[in-house]
Trainee: 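Before we start, here is the structure in question, set down as structure tokens.
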There are 2 protein chains.
Amino acid sequence: MTVDGRLARGERTRTAVLDAAVSLATTSGLDGLSLGHLADSLGVSKSGLFAHWRSKEALQLATIDRAVSQWQERIIAPALRAPRGVRRIRALHEARIDFYAARVLPGGCFFATTEFEFNARPGAIRDRLAEVFAAWTAFLERLVREAVELGELPSDVDVALLAYEIDACGIAAAMRSRLLDPETTYRHARLGVLGRLRALCPDLTLLPEGPS
Amino acid sequence: MTVDGRLARGERTRTAVLDAAVSLATTSGLDGLSLGHLADSLGVSKSGLFAHWRSKEALQLATIDRAVSQWQERIIAPALRAPRGVRRIRALHEARIDFYAARVLPGGCFFATTEFEFNARPGAIRDRLAEVFAAWTAFLERLVREAVELGELPSDVDVALLAYEIDACGIAAAMRSRLLDPETTYRHARLGVLGRLRALCPDLTLLPEGPS
DNA sequence: TAAAGAAGACCGACCGGTCGTACTTATTTC
DNA sequence: GAAATAAGTACGACCGGTCGGTCTTCTTTA
């Protein structure tokens with residue numbers, strides 16, 4: 001964005017390219033992503049992509065950043081509208097499962113797909129993914145810690161462990177929903193976190209059962 | 001195997017190829033796996049591979065089956081030596097985390113990597129992976145059901161949900177351990193399942209804390 | 001008319017796959 | 001028992017196609 005709010009030259013184009021790249025990468029992988037196919041899907045020429053990014057790797061890194069923006073808009077922002085504490089934790093998880101269930105991306109989850117693709121391949125992409133994952137984990141743990149500080153969760157709860165368990169339910173949902181029955185998977189993912197929170201939270205009125 | 005126990009002609013070779021393919025696929029992906037690199041890593045010629053498998057896809061399917069065999073030998077068989085019930089469930093999960101922690105495969109988990117790679121790509125490979133995943137889920141649920149029937153878990157426990165939560169802890173470990181701190185990840189994965197079982201099992205002597 | 005950007009031909013590298021050929025091994029035949 | 005046969009295995013050379021990336025050309029627009 002420029003200071004007056006208009007899009008910088010070509011920024012609209014870049015965003016459109018990156019949105020398509022995020023979507024395609026969930027099925028073909030970020031590395032299997034073909035620049036020719038990407039250009040064709042947008043009706044532009046392949047060489048034109050190199051006017052915006054100097055190499056495929058530069059485009060891949062920009063694609064990760066774009067996926068982060070989408071994640072913040074679609075999952076984090078809605079959750080932050082819920083009140084702090086266990087309700088916000090649940091809202092975050094529900095928004096995540098809703099995102100998977102809405103089939104926004106054909107491959108389900110950009111980060112899960114990409115992180116498994118690159119977790120054993122040293123390089124700039126892996127490093128960037130590790131940063132993103134670390135930030136996501138820290139955010140989850142912050143939400144859990146806030147719930148503890150509000151007294152909605154016991155003070156002796158293992159913050160990092162609970163955050164791990166919540167994230168695990170989401171990761172598993174991303175994987176299973178494309179190979180096994182999706183509805184059952186989403187139900188398990190939602191009930192897993194809800195049950196975990198209800199087992200720990202003294203005030204069950206904060207966590208009604210059924211659809212959130 | 002032939003009737004007298006000797007390996008059939010070339011079966012040793014095939015197994016060696018598939019073992020290398022399983023390992024390489026955890027870093028490059030099952031699709032990104034290059035037959036040229038695979039052949040080079042074994043000191044054989046690429047064209048020789050086509051004497052054993054008619055196409056790359058046939059080799060990929062055989063690679064999946066080989067990974068299943070490894071999984072049965074390394075994770076399922078040891079767990080079946082533990083007594084039925086919650087101890088067997090825990091033993092299975094511990095064997096899985098041990099397998100990841102031992103860095104047997106450079107990419108951590110063949111199935112997690114491959115399932116995320118193919119979960120949005122219709123075809124024979126995706127179908128085979130779905131079968132394997134369904135069988136694994138059924139096995140996990142069977143172990144949970146056995147624990148219920150033995151009275152080690154309450155009769156009103158949601159078998160499928162508990163199996164989901166256990167598997168989720170394992171899946172998340174495979175992903176996080178290559179991007180975040182491995183030791184912390186493995187500890188969370190182990191404690192997550194242990195805590196889940198201890199919260200449900202009336203007889204805590206079956207589930208001692210600390211290293212199993 | 002000058003500057004800019006997109007288009008598309010083109011490059012070397014690598015991909016999966018084929019082919020003809022030579023070597024190895026087990027079975028058959030004399 | 002030796003020779004001949006047949007099948008299985010491995011090899012290097014090579015094919016068409018696709019990849020990421022470059023470069024020249026052409027169109028557009030101010």
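Side chains included, hydrogens not; waters and symmetry mates left out as well; all remaining heavy atoms used. In what follows, every chain begins at residue 1, and chains take the letters A, B, ... in the order their sequences are listed. The model shown is predicted, which means the values in this text are computed figures rather than measured ones.
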Trainee: Taking the side chain of A/Val44 as heavy atoms from C-beta outward, which of D/dG21, C/dA7, D/dG12 is closest to it?
Mentor: C/dA7

Trainee: On the nucleotide D/dC19, are OP1 or OP2 found under 4.0 Å from the side-chain N or O atoms that A/Ser34 carries?
Mentor: yes

Trainee: Send over the distance from A/Leu42 CG to C/dA7 C1', rounded to a whole Å.
Mentor: 15 Å

Trainee: Looking at C/dG17, does its base get a donor-acceptor pair with the side chain of B/Lys56 below 3.5 Å?
Mentor: no

Trainee: Starting at CZ of B/Phe50 and ending at C1' of D/dG8, how long is that distance when rounded to a whole Å?
Mentor: 18 Å

Trainee: Would you say the side chains of A/Arg176 and B/Thr137 form a donor-acceptor pair under 3.5 Å?
Mentor: yes

Trainee: Rounding to a whole Å, what distance do you find between B/Leu30:CG and C/dG16:C1'?
Mentor: 14 Å

Trainee: Check this for me: does any side-chain nitrogen of one of B/Arg128 and B/Asp65 sit under 4.0 Å from a carboxylate oxygen of the other?
Mentor: yes

Trainee: Given atom CG of B/Leu38 and atom C1' of C/dG16, what is their separation to the nearest angstrom?
Mentor: 13 Å

Trainee: Got a sec: does the CZ of B/Arg103 have more than 12 other heavy atoms crowding it under 6.0 Å?
Mentor: yes

Trainee: Select one nucleotide: of D/dC11, D/dT22, C/dG17, the one nearest the side-chain heavy atoms of B/Ser45.
Mentor: D/dC11

Trainee: Calculate the interatomic distance between B/Glu11 atom CD and C/dT25 atom C1'; express it in whole Å.
Mentor: 17 Å

Trainee: I want to check one thing: is the phosphate of D/dA10, taken as OP1 and OP2, less than 4.0 Å away from some side-chain N or O of B/His52?
Mentor: yes

Trainee: To the nearest Å, how far apart are B/Arg12 CZ and D/dA10 P?
Mentor: 12 Å

Trainee: Could you pull out the closest heavy-atom pair between B/Arg121 and B/Asp31, with the gap in Å?
Mentor: NH1-OD2, 3.2 Å

Trainee: Taking only N and O in the side chain of A/His37, is any of them less than 4.0 Å away from OP1 or OP2 of D/dT18?
Mentor: no

Trainee: With a 4.0 Å cut-off on heavy atoms, is B/Gly43 in touch with a base, just the backbone sugar-phosphate, or nothing at all?
Mentor: sugar-phosphate

Trainee: Please figure out whether A/Lys46 or B/Gly48 has its closest DNA chain D nucleotide nearer the 5' end.
Mentor: B/Gly48

Trainee: Would one find a side-chain N or O of A/Thr13 under 4.0 angstrom from OP1 or OP2 of C/dA6?
Mentor: no

Trainee: Choose from D/dG21, D/dA10, C/dG17 the nucleotide whose nearest atom is closest to any side-chain atom of A/Leu35.
Mentor: D/dG21

Trainee: Whole angstrom is fine here: how far is it from CG in B/Leu49 over to C1' in D/dG8?
Mentor: 15 Å

Trainee: Can you measure B/Trp53 atom CH2 to C/dG16 atom P for me and round it to whole angstrom units?
Mentor: 14 Å

Trainee: Assign B/Ser47 to base, sugar-phosphate, or nothing according to its heavy-atom contacts below 4.0 angstrom with the strands shown.
Mentor: base

Trainee: By the 4.0 Å heavy-atom rule, please label B/Leu33 as base, sugar-phosphate, or nothing.
Mentor: sugar-phosphate

Trainee: Give a yes-or-no answer on whether the side chains of A/Arg96 and A/Tyr100 include a donor-acceptor pair shorter than 3.5 Å.
Mentor: yes

